[in-house]
Visitor: 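Sharing a structure with you now.
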Amino acid sequence: MNYNPNDIEPKWQKYWKDNKTYRTENFSDKPHFYVLDMFPYPSGAGLHVGHPLGYIASDIFARYKRLNGFNVLHPMGYDAYGLPAEQYAIQTGQHPHITTERNINRYREQLDKIGFCFDWDREVRTCDPEYYRWTQWTFIQLFNHYYDKTLDKARPIAELIEKIRKGEVRDEQGNAYDWDGMDEVARQDLLMNYRLAYLADIPVNWCAGLGTVLANDEVINGLSVRGGYPVERKLMRQWSLRITAYAQRLVDGLDTVDFSESLKEVQRNWIGRSEGAAVWFPLDVPSNANVLPGAQAYMPQCNPQPVPSFEIFTTRPDTIFGVTFMVLCPEHELIDSITTDEQRQQVQDYVSWAKNRSERERQSEVKKVSGVFTGAYAVNPLTNERIPIWVSDYVLAGYGTGAIMAVPAHDSRDFAFARQFNLPIRQVVIPAGTKPEDMTPPETWTESIDSKAGISVNSGFVTGMKVKDAIHAVIDKLDEMGIGYRTINYRLRDAIFSRQRYWGEPFPVYFKQIKDADGTMHAIPYCLPEECLPLCLPEISDFKPTSTGEPPLGHAQKWAWDEANRQVVDKSLIDNVTVFPLELSTMPGFAGSSGYYLRYMDPRNNERYFSEQAVNYWQNVDLYVGGSEHATGHMIYARFWNKFLFDIGLAVKDEPFRKLINQGMIQGRSNFVYRSKTDSNLFISKNIPGREENTVPIHVDINIVDNDILDVERFRAWRPEFAEARFELEDGKYVCGWEIEKMSKSMFNVQNPDDLVARYGADTLRLYEMFLGPVEQAKPWDTNGIEGVARFLKKFWRLYENIVDEVPTKEELKVLHQTIKKITDDIERFSFNTAVSNFMICTNDLLALNCAKREVVGPIVILMAPFAPHIAEELWHKLNPGASSVFDEQWPVCDESVLVESSFEYPVSFNGKMRFKLNLPLTATSDDAMQAVVNAPEAQRWIEGKAVKKLVFVPKKIINVVI
RNA sequence: GCCUCGGUGGCGGAAUGGUAGACGCGGUAGACUCAAAAUCUGCUGUCCGCAAGGACGUGUGGGUUCGAUACCCACCCGAGGUACCA
């Protein structure tokens, strides 16, 4: 019988399903192992060959661990909330529930065909109320906790209130709060500054095209990642997560996990920790002046009078003697109060111009220097010089204090600014390896000297010090004077958590109207009681914002909270006494994907997020497989989410993922036709002279192109606009251009896995995807090699056709045990491409030996099972009629004694160059080798009577002769 | 600019400081066949040579080593990430 995957694959898929072969229990004597894939967003396009790459790799590893006696958790689910389903709903009126459900079913069908070992009993969907109940629950916990900087962990907000009461918490002026004297509005305002989930007016990335705000990782170059719409900065009242509280732990945790160096680096850059100093610069105003709005008072040791001043952050305090001007960001609150009357008009014009620029404009004009002088001066606290204060948008409001000391000699941006406005440049560092007399005056420089490798000059008490020492010396001095301190700044921003969208988790939040002391009404947010969760997403039919500009949930009629009866009621009942409006925005995509790995541990628990026993057993994810594009989004949020759950005692490990493998993207190979610029029905073949100037390339479906030759008839039939197409051919053929790009529907370069499964079988697809190259490497999809893998499986099948019960020869056993050793090693190293090669070698060897012996082929079927489960299961049952699944077997062990040789064929090198081979017993010593080489006839022509200077003998490796 | 990873035949890619190019694709010659497909076997880095054989060869230049694709230094090229972050 020939190998026919279409017969055996559905059979075993059904068998595994019926027997629940892959079902995992939470309790076992076996060691545990958790293998997780990043769950997919079920898009309408279905799977292409790039998606399963990581799933195949993790599937192999999960099966391997299982065969090695581990209790393996290997679940799958769907990240089902998201923008595309909602955009689709706006266009077609089709409810996102329906599209999502349909897409999920399609995904499941495609996944099942590839034969994965997921425990589908543990499936989760982020849009399922029984799942998002715990997303909402976690939000409530975040709302009810604050970050205790002393304990370095999240603590209940009640503890904070206690501290405020005791006067242990102070305001910026250093005064204690009078908690008991505060009204509810003031109390809630104060607490809001500490909650880990908080509501605040913050500058957000507003995307009008999508009608919602976006997190920083959802914006690239001022455009939204989804859809590519422009994004602007806008001040809005939004929920945020205080992820910045965890910045240091997120950096530190990277040292404890096994991620690729590049991914760690991306995360470190994203968090952007920088060490430096905060320094107060006094304003040059009469010292008895009242503190100006936006200015702070400080009291240097040398001057007991409070002095109006402002704070800057610098990583180079050593260059403070080189400060020649100061710069404030256009949003700085000090600008109004210090600008002189002569400069006022100019400054106001500049500030309003700068504020109205979109993010995209600002980012695309980074190299253009702009700014304006305020007319005001600050005083350098170490030199007492008067320094002009400027305003420029190269200083960003969101980082540090939005104000800097400018040292044009040693900062490239300050340098450019100084050149533009003719400000002085003063050198205070000479680079390492340069003599002072070799330095040219700064006026002649074309760039600043930014390197920290150097010696301070013209810098008062730090002159002559190395920069690194000078930094510390200056900070110590500032600290002593009471005008500065050592501090750390992070680039990481708090995560904006509100989306003005429908298809997401509702916030379990309602708003009460409360009067403050002045009688003004305030909408104060309160969380629903935990026991009332889930707060289900209401059904609506119009998914656009309301006419008053509210998010789509504004259309929901039954969307108010009855506090007394603890239930959702109709909006018309809102009386702001017992019935209150509910929050209208929903949570972002990362809400549901941040803690899903924990829910898999105990997905049907309706009492808790997950049970204590389950998390104590599984701990955290041992192996996580997914794309590196999630480095600054999901991977940061999930680590934050886990650290919070760890702090409040739910998670048992500080880091959620022990080891991460980033599968490389499978790129598509796109084909192009070239349309004439003057005649839209004329298409010119690639290599016709003049084609390049006179045509525009257009993507063409790869399915109507064979070997870059276009099937012109199918092209005409492909789309109506090409029905009248005419062609300028070369050698009677139309040659297409090609390019490696992202695999995407819009580029018509998508390879659907179903077609390949139908043609070659799932096992061939699995092996081929692995054989393409290292899992972690990006690679273009190319079906050319798949025939080779298909041929291998046919040979492999043939090997078992005439199985016999004979005692294997030593040589056959050697092939077996070598293969066991290699495959085990390959899997441990995650080198699945070499594993497939090694299977091919093994099969070729056994066919050459004509070996079909049960004792040899049995173990090889088990080795093969993780890679090609269907064929392995089929052959296992052929070998062992009546047996249970091959996945109930034990991974074979390599018997090293079979591999032991009595002699070894040494490559003999002369001066490092391989010349001939020499067989020596394993017991041979260096002296034996010397004897043998000198006596070997082959050696004579290389030695040619010269003396052997040295002989290097490495047992079982090589003999190298130096002459 | 900075950070990370990479650069090996016609192609995908092997090689833990020890025979570079495993394995596969492609190419080529042959076997089987009336023929083709399928299958099987041999050859297939470059150059010189009829051959035996030899020289060269892992982006470039240096270094360490008996020996370097691998380690170190400098540079070139490519991919990805990231940026007025003070």
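So that the names make sense, note that chain A is the first sequence line, chain B the second, and so on, each numbered from 1.
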Visitor: Under the side-chain hydrogen bond (donor to acceptor under 3.5 Å, both in side chains) rule, collect the residues that match up with A/Thr824, sequence neighbours excluded.
Guide: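 By the side-chain hydrogen bond (donor to acceptor under 3.5 Å, both in side chains) rule, A/Thr824 matches A/Trp891.
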Visitor: Considering only heavy atoms from C-beta outward, does the side chain of A/Phe771 approach that of A/Ile786 to under 4.5 Å?
Guide: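 No - every pair of side-chain heavy atoms lies 4.5 Å or more apart.
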Visitor: Go through the structure and list residues passing side-chain hydrogen bond (donor to acceptor under 3.5 Å, both in side chains) with A/Gln248, not counting sequence neighbours.
Guide: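 side-chain hydrogen bond (donor to acceptor under 3.5 Å, both in side chains) check on A/Gln248 returns A/Asp252, A/Arg273, A/Tyr490.
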Visitor: Under 4.0 Å, heavy atom to any atom of RNA chain B: which of residues 954-963 of chain A qualify?
Guide: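 Those residues are A/Val954, A/Lys957, A/Ile958, A/Asn960, A/Val962.
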Visitor: Under the side-chain contact (heavy atoms from CB on, under 4.5 Å) test, which residues partner A/Ala495, sequence neighbours left out?
Guide: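 A/Leu241, A/Ile243, A/Phe590, A/Tyr637.
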Visitor: Which nucleotide in the set B/G81, B/G53, B/C23 lies at the smallest distance from any side-chain heavy atom of A/Asn844?
Guide: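 Nearest listed nucleotide: B/C23.
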Visitor: Specify the separation, in whole Å, of atom CG of A/Leu263 and atom P of B/U82.
Guide: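 Rounding to the nearest Å, CG of A/Leu263 and P of B/U82 are 11 Å apart.
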Visitor: A/Lys794 NZ to B/C40 C1': how many Å, rounded?
Guide: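 Value for this atom pair: 14 Å.
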Visitor: Tell me, please, which residues at least two apart from A/Lys468 pass side-chain contact (heavy atoms from CB on, under 4.5 Å).
Guide: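 Counting only residues at least two positions away or on another chain, A/Lys468 forms no side-chain contact (heavy atoms from CB on, under 4.5 Å).
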Visitor: Would you please say whether a donor-acceptor pair under 3.5 Å links the side chains of A/Asn489 and A/Ser274?
Guide: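 Checked: A/Asn489/A/Ser274 side chains show no N/O donor-acceptor pair below 3.5 Å.
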Visitor: In whole Å, what is the span from the CG atom of A/Leu793 to the P atom of B/A38?
Guide: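 These atoms are roughly 18 Å apart.
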Visitor: Kindly label the base of B/G9 as syn or anti, based on whether its glycosidic torsion lies within 90° of 0.
Guide: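 This nucleotide is in syn.
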Visitor: For the side chain of A/Thr834, starting at C-beta, report the closest nucleotide among B/A86, B/C40, B/A14.
Guide: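 Within the option list, the nearest is B/A14.
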Visitor: For RNA chain B, what dot-bracket results from Watson-Crick or G-U pairs at under 3.5 Å, with [ ] for crossers and | for inter-strand partners?
Guide: (((((((..(((.....[....)))((((((.......))))))((((....))))..(((((..]....))))))))))))....
Visitor: Between P on B/G81 and CZ on A/Arg268, what's the gap in Å once rounded to a whole number?
Guide: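 That distance rounds to 19 Å.
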Visitor: Looking just at side-chain N and O atoms, do A/Asn4 and A/Asn2 make a donor-acceptor pair shorter than 3.5 Å?
Guide: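 Looking only at side-chain atoms, A/Asn2 and A/Asn4 do not form any donor-acceptor pair under 3.5 Å.
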Visitor: Side-chain N or O of A/Arg941 less than 4.0 angstrom from OP1 or OP2 on B/G54?
Guide: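 Affirmative; the distance criterion is met.
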Visitor: Strictly by modelled atom types, are A/Thr925 and A/Asp927 linked by a side-chain donor-acceptor pair under 3.5 Å?
Guide: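 Judged by distance alone, the side chains do not pair up.
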Visitor: Can you tell me which residue pairs pass the salt bridge (charged side-chain N to carboxylate O under 4.0 Å, His left out) test with a partner in residues 315-332 of chain A, sequence neighbours excluded?
Guide: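 Those involving residues 315-332 of chain A are A/Arg316-A/Asp318.
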Visitor: What integer distance in Å separates A/Asn838:CG from B/A15:P?
Guide: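 Rounding to the nearest Å, CG of A/Asn838 and P of B/A15 are 9 Å apart.
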Visitor: Just the rounded figure in Å: distance from P of B/A79 to CD1 of A/Ile666.
Guide: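 In whole Å, B/A79 P lies 20 Å from A/Ile666 CD1.
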Visitor: For B/U60 and B/G10, measure between their C1' atoms and round to the nearest Å.
Guide: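 Nearest-Å result for B/U60 against B/G10 at atom C1': 24 Å.
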Visitor: Could you go through nucleotides 69-73 of chain B and list every protein N or O atom that sits under 3.5 Å from one of its N or O atoms, giving the distance for each pair?
Guide:
none

Visitor: If you check every side-chain atom of A/Glu261, which of B/G54, B/C66, B/U4 has the closest atom?
Guide: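 Of all the options, the side chain of A/Glu261 is nearest to B/U4.
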Visitor: Applying side-chain hydrogen bond (donor to acceptor under 3.5 Å, both in side chains), which residue pairs with at least one partner in residues 947-963 of chain A are found, sequence neighbours left out?
Guide: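 Counting only pairs at least two positions apart or across chains, no side-chain hydrogen bond (donor to acceptor under 3.5 Å, both in side chains) contact touches residues 947-963 of chain A.
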Visitor: Excluding sequence neighbours, so at least two apart, what forms side-chain hydrogen bond (donor to acceptor under 3.5 Å, both in side chains) with A/Thr834?
Guide: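 Counting only residues at least two positions away or on another chain, A/Thr834 forms a side-chain hydrogen bond (donor to acceptor under 3.5 Å, both in side chains) with A/Asp826, A/Ser831.
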Visitor: Could you write out each protein N or O paired with an N or O of nucleotides 8-12 of chain B at a distance under 3.5 Å?
Guide:
unit_1	atom_1	unit_2	atom_2	d
B/G12	O2'	A/Leu772	O	2.6

Visitor: Tell me whether the side-chain N/O atoms of A/Ser260 come closer than 4.0 Å to OP1 or OP2 in B/C5.
Guide: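 Checking A/Ser260 against B/C5: no side-chain N or O falls below 4.0 Å of OP1 or OP2.
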Visitor: Give the rounded distance in Å between these two atoms: NZ of A/Lys822 and C1' of B/A14.
Guide: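 It is 11 Å, rounded to the nearest whole Å.
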Visitor: Report the residues that fulfil side-chain hydrogen bond (donor to acceptor under 3.5 Å, both in side chains) with A/Trp942, sequence neighbours left out, ordered by chain and then residue number.
Guide: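 side-chain hydrogen bond (donor to acceptor under 3.5 Å, both in side chains) check on A/Trp942 returns nothing, list empty.
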Visitor: Phosphate oxygens OP1/OP2 of B/G24: is one of them under 4.0 Å from a side-chain N or O of A/Arg791?
Guide: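 False: A/Arg791 side-chain N/O out of range (4.0 Å or more) of B/G24 OP1/OP2.
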Visitor: Whole Å only: how far is the CZ atom of A/Phe310 from the P atom of B/A86?
Guide: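 In whole Å, B/A86 P lies 18 Å from A/Phe310 CZ.
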